[in-house]
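These notes concern the structure reproduced below.
Computed from heavy atoms alone, side chains included, the values below leave out hydrogens, waters and symmetry copies.
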Amino acid sequence: MHALPFPVSTRRLVLAALVAAALAVTAVRHLDARSHPPALRVAPVRGGAATTPAAHPTAAGVVVDVEGAVRRPGLVRLPPGSRVADAVARAGGSTRRADRSVVNLAAPVSDGQQVLVPLRGAAAGGAPSAPAAPAAAPGAPLSLSTATAEQLDALPGVGPVTAQKILDYRTQHGAFHSVEELDAIPGIGPARLADLKGLVVP
């Protein structure tokens, strides 16, 4: 006995039910995949990779004024924690006439400090004590190694500024050995040196 065929309307309902079931399964799988994404694979860090934070920049150094019996007086820049000995070394070192016994080379320096290296026999207060200049006889040449600022100022074309530069040069380098050393002083050129010859001696 043959089974009766389903009516067309019934077959359509069954087909629609199957399609709906298939769509439901696909939607469930899609939602499950979105809620549980696949794990990411992270490559291992190789040796030597930059994993540490950048080093902090070094602190700014200090600026110290080094004066007196040093070879290159003036401002020097030093790293933090420096000592007076470092400041003197940065200024070219002390001269042969420097009195290092009165300078604490181990003392720490601070920004804006002045380090004064006196000459041997310096007077109290840090001013070098030069021997008293003898009174020059009228018309006698003036000694560059013993002259005072007033005496140098009286020379033709010198003036107070250049006279002080001569004293500073004498403090740094010691007594003059020749009149030609004046050429190393700013403000005294060959013409000025020629004018002073015969008026000054070492």
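Within the 3.5 Å criterion, the main-chain N or O of Gln113 finds no donor-acceptor partner in the side chain of Ser110. Judged purely by atom type and a 3.5 angstrom limit, Ser94 has no side-chain atom pairing as donor or acceptor with the backbone of Ala69. Between the Gln164 side chain and the Val161 main chain, no donor and acceptor come within less than 3.5 Å of each other. The main-chain N or O of Arg120 is never found under 3.5 Å from a side-chain atom of Arg97 such that the two would form a donor-acceptor pair. Of the possible donor and acceptor atoms, one in the side chain of Thr171 sits under 3.5 Å from a partner among the backbone N and O of Leu167. For Arg90 (side chain) and Arg77 (main-chain N/O), a donor-acceptor pair under 3.5 Å exists by modelled atom type.
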Anything under 3.5 Å between a donor and an acceptor, one on a side chain of residues 101-109, the other on a protein residue two or more places apart or in another chain? List them.
residue : atom : partner : partner atom : Å
Ser101  : OG   : Asp99   : OD1          : 2.5
Asn104  : OD1  : Ala106  : N            : 3.2

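Counting only residues at least two apart or on different chains, no ring pair (Phe, Tyr, Trp, His ring centres under 6.0 Å) pair has a member in residues 183-202. Pairs engaging residues 189-202 under the salt bridge (charged side-chain N to carboxylate O under 4.0 Å, His left out) rule: Glu180-Lys197 [sequence neighbours left out].
Criterion: ILVMFWY side-chain heavy atoms under 4.5 Å apart, direct or through other members. Under it, Val201 and Leu196 are not part of a common hydrophobic cluster. Under a hydrophobic clustering in which Ile, Leu, Val, Met, Phe, Trp and Tyr are joined whenever their side-chain heavy atoms come within less than 4.5 Å, directly or via other members, Leu116 and Val76 fall into different clusters. Ile185 and Val179 fall within the same hydrophobic cluster, defined by Ile, Leu, Val, Met, Phe, Trp and Tyr side-chain heavy atoms under 4.5 Å apart, directly or through other members. Note on Val117 and Leu119: separate hydrophobic clusters, where clusters join Ile, Leu, Val, Met, Phe, Trp and Tyr whose side-chain heavy atoms are under 4.5 Å apart, directly or indirectly.
A 4.5 Å side-chain heavy-atom check between Leu182 and Tyr169 finds every atom pair outside the cut-off. The shortest distance between side-chain heavy atoms of Thr95 and Val70 does not fall below 4.5 Å. Using a 4.5 Å heavy-atom cutoff, the side chains of Val66 and Pro73 are not in contact. Looking only at side-chain heavy atoms (C-beta outward), Asp153 and Val158 stay at 4.5 Å or farther from each other.
Shortest non-hydrogen contact noted between Gln114 and Glu67 is NE2-CG, 3.6 Å.
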>> Between Asp168 and Gln172, is the side-chain hydrogen bond (donor to acceptor under 3.5 Å, both in side chains) condition met? List the steps.
In response: CA-CA 6 Å; Asp168 293 341; Gln172 299 165 18; 5.7 Å; no

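Tested against Leu155, the residues Leu142, Thr162, Ile166 include a single side-chain contact (heavy atoms from CB on, under 4.5 Å) partner, Leu142.
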